Amino acid sequence: MEGLASFRAVPSFTSRPRSSILGTALNPRRGNSLSLPSSSSFIVRAQQMESKDDEPEPVKIELKIKEWENSMYHNEVAASQGIRIRRRPPTGPPLHYVGPFEFRLQNEGNTPRNILEEIIWHKDTQVAQLKERQPLYSLKKALDNAPPVRDFIGALRAANSRTGLPGLIAEVKKASPSRGVLRENFDPVEIAQAYEKGGAACLSVLADEKFFQGSYDNMLAIRDAGVKCPLLCKEFIIEAWQIYYARSKGADAILLIAAVLPDLDIKYMTKICKMLGMATLVEVHDEREMDRVLGIEEVEFIGINNRNLETFEVDISNTKKLLEGKRGEEIRKRDIIVVGESGLFTPDDIAYVQEAGVKAVLVGESIVKQSDPEKGVAGLFGKDISLQSV
């Protein structure tokens, strides 16, 4: 359905030639991965660029064009690593100007191909708006008042050692795109306290508002209520800015999704988390993503999502498949903590993924829907795993 065009008047100015995003070379040591240009930190710097309020309007427009071109380059790098999720829709700043008008062609390619891509496109717009209200330099100042970071991975290891079962990351989750509202009478603090009392080692708190009805306010409320479990900010991270924002709201760990982020972004964001003292849970859901992530030395915490992030279908045998053979050997050698995610409802499910090699599980739906989440934790494991049970 090509041929739809939009026109919008813009201030007149002379545009510099469009920088090439195609002049990259294949790196023979990385298969079909694209090697970065001489300025290898280009994507990183692009994430940190912030326009000044006092810049003239033509310069601001020029920066927006360059930002869009950078995102298109980002899409090329991502595609070379098997990432099918596009960061932004192909429609963006124009390549040509006709008098006082900008010309932009629209087509069917500008429709999200799946729910994850729809979420990422929305997140890209949302983060841009948040950054305008609170630039990175002011956000870094807010970290001075953030509560101390708690040891997320240490809490999981301690729980695994104490119970002989995978440490539980219990998810404070009101809704999901695939299941709708999971709990009508949703009190995040009450649910978090019940999880902790039931034996959860850590908590995962949904921060996305549009698709999961979560919020950063929930995370703050849980922390302020005195819950001692370390907190994972469950959000769709696409920019480093979000990491600083999550830390300022009390997060002890964040989630990075390999289906969305190229290797360079994962490396860069992992280093930021280490600098801030936070844990980084890197999530994979197929063999190619697992191989990519295992190729990153900084990674020490991996989540295996049994849910296909494009179709939302669930198969817990995915955990076993990704931990077999050489992959499992490398994970054990590097002492990487592996988390089983999605589709875990019964003690048999927990036993299955534990036998496959996980040391922790992230569970939301099966326990948040229970009238008593504390008893829901015991039902999930088939026994009382609370501190009082020892």
Side-chain angles (χ1 to χ4, degrees), residues 41-55 59-60 63-64 66-68 70-71 74 87-88 119-152 172 188 202-212 214-225 227 230-257 260-262 264-283 298 301:
S41 59
F42 143 71
I43 293 178
V44 171
R45 293 201 310 273
Q47 289 180 337
Q48 296 175 321
M49 285 175 58
E50 296 173 10
S51 61
K52 305 294 183 182
D53 290 337
D54 58 351
E55 286 175 341
V59 175
K60 289 182 180 180
L63 286 173
K64 288 184 180 296
K66 292 304 177 186
E67 184 181 354
W68 178 77
N70 290 346
S71 75
H74 185 287
R87 178 66 57 86
R88 294 174 181 172
I119 292 171
I120 295 303
W121 288 7
H122 169 73
K123 195 61 58 180
D124 183 71
T125 301
Q126 181 188 40
V127 171
Q129 294 170 347
L130 288 171
K131 286 169 63 179
E132 285 187 4
R133 294 201 294 266
Q134 190 169 14
L136 186 59
Y137 70 86
S138 66
L139 193 55
K140 287 180 177 179
K141 293 179 182 178
L143 295 182
D144 295 337
N145 299 319
V149 183
R150 295 172 292 196
D151 187 356
F152 197 94
V172 181
C202 301
L203 302 180
S204 167
V205 184
L206 267 297
D208 177 78
E209 295 183 22
K210 180 176 180 179
F211 297 91
F212 291 85
S215 77
Y216 286 93
D217 289 340
N218 290 346
M219 190 158 55
L220 278 173
I222 290 168
R223 185 118 192 191
D224 290 345
V227 173
L231 305 180
L232 168 74
C233 176
K234 189 72 171 294
E235 174 64 299
F236 296 86
I237 303 291
I238 56 173
E239 290 201 27
W241 181 93
Q242 293 168 277
I243 301 174
Y244 290 97
Y245 189 72
R247 176 81 277 271
S248 73
K249 299 297 183 180
D252 304 295
I254 59 138
L255 175 74
L256 299 180
I257 303 175
V260 171
L261 299 170
L264 179 63
D265 282 359
I266 294 175
K267 292 177 184 178
Y268 170 58
M269 293 179 183
T270 299
K271 288 180 179 179
I272 289 177
C273 286
K274 287 188 176 181
M275 180 183 69
L276 296 175
M278 303 171 72
T280 311
L281 178 60
V282 184
E283 181 179 282
E298 295 86 351
F301 192 28

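Keep in mind it's a predicted model, so treat the numbers as computed, not measured. Along the sequence shown, residues carry numbers from 1.
Put simply, CG on L136 and CD on E239 are 10.0 Å apart, with the number rounded to the nearest 0.5 Å. In this structure, I120 CD1 and I237 CD1 are separated by 9.5 Å, a value rounded to the nearest 0.5 Å. Note that the CD atom of E209 and the OH atom of Y216 stand 9.5 Å from one another [nearest 0.5 Å]. Atom CG of residue L255 and atom OG of residue S204 lie 7.5 Å apart, to the nearest 0.5 angstrom. The distance from the OH atom of Y244 to the CE atom of M275 is 3.5 Å, given to the nearest 0.5 Å.
Here the closest non-hydrogen pair linking L256 and I266 is CD1-O, 4.2 Å. Here the closest heavy-atom approach between residue Q134 and residue A142 is recorded as NE2-CB, 4.5 Å. Across W121 and R88, no two heavy atoms sit closer than the pair NE1-C, 3.5 Å. Nearest heavy-atom pair across A246 and M219 is O-CE, 4.2 Å. In this structure, R87 and I238 approach most closely via the heavy-atom pair NH1-O, 3.3 Å. Here the shortest heavy-atom pairing between S248 and L139 reads OG-CD1, 3.9 Å.
When each of I272, T280, T270 is paired with I243, the side chain to side chain contact (heavy atoms under 4.5 Å, CB included) condition holds for I272 and for no other. Looking at K234, H122, K123 one by one, the single match for side chain to side chain donor-acceptor pair (under 3.5 Å) with D208 turns out to be K123.
R247 places a side-chain N or O within donor-acceptor distance of the main-chain N or O of P147, the cut-off being under 3.5 Å. Judged by distance alone, the side chain of D252 and the main-chain N or O of F152 form no donor-acceptor pair under 3.5 Å. Using a distance-only test at 3.5 Å, with no hydrogens or angles considered, no donor-acceptor pair links the side chain of E235 to the main chain of I254. Not a single donor-acceptor pair under 3.5 Å links the side chain of E132 to the backbone N or O of Q129.
With a 4.5 Å cut-off on side-chain heavy atoms, F236 and F211 do not count as touching. No side-chain heavy atom of V205 sits less than 4.5 Å from a side-chain heavy atom of P188. The shortest distance between side-chain heavy atoms of W241 and L130 falls below 4.5 Å.
The number of heavy-atom neighbours closer than 6.0 Å to NZ of K274, taken from other residues, nucleotides and ligands shown, is above 12.
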Check step by step if side chain to side chain contact (heavy atoms under 4.5 Å, CB included) holds for K210 and Q126.
CA-CA 10 Å; K210 180 176 180 179; Q126 181 188 40; over 6 Å; no

Begin from the C-alpha positions of V172 and N218 and carry the test side chain to side chain contact (heavy atoms under 4.5 Å, CB included) through to its verdict.
CA-CA 9 Å; V172 181; N218 290 346; 5.6 Å; no

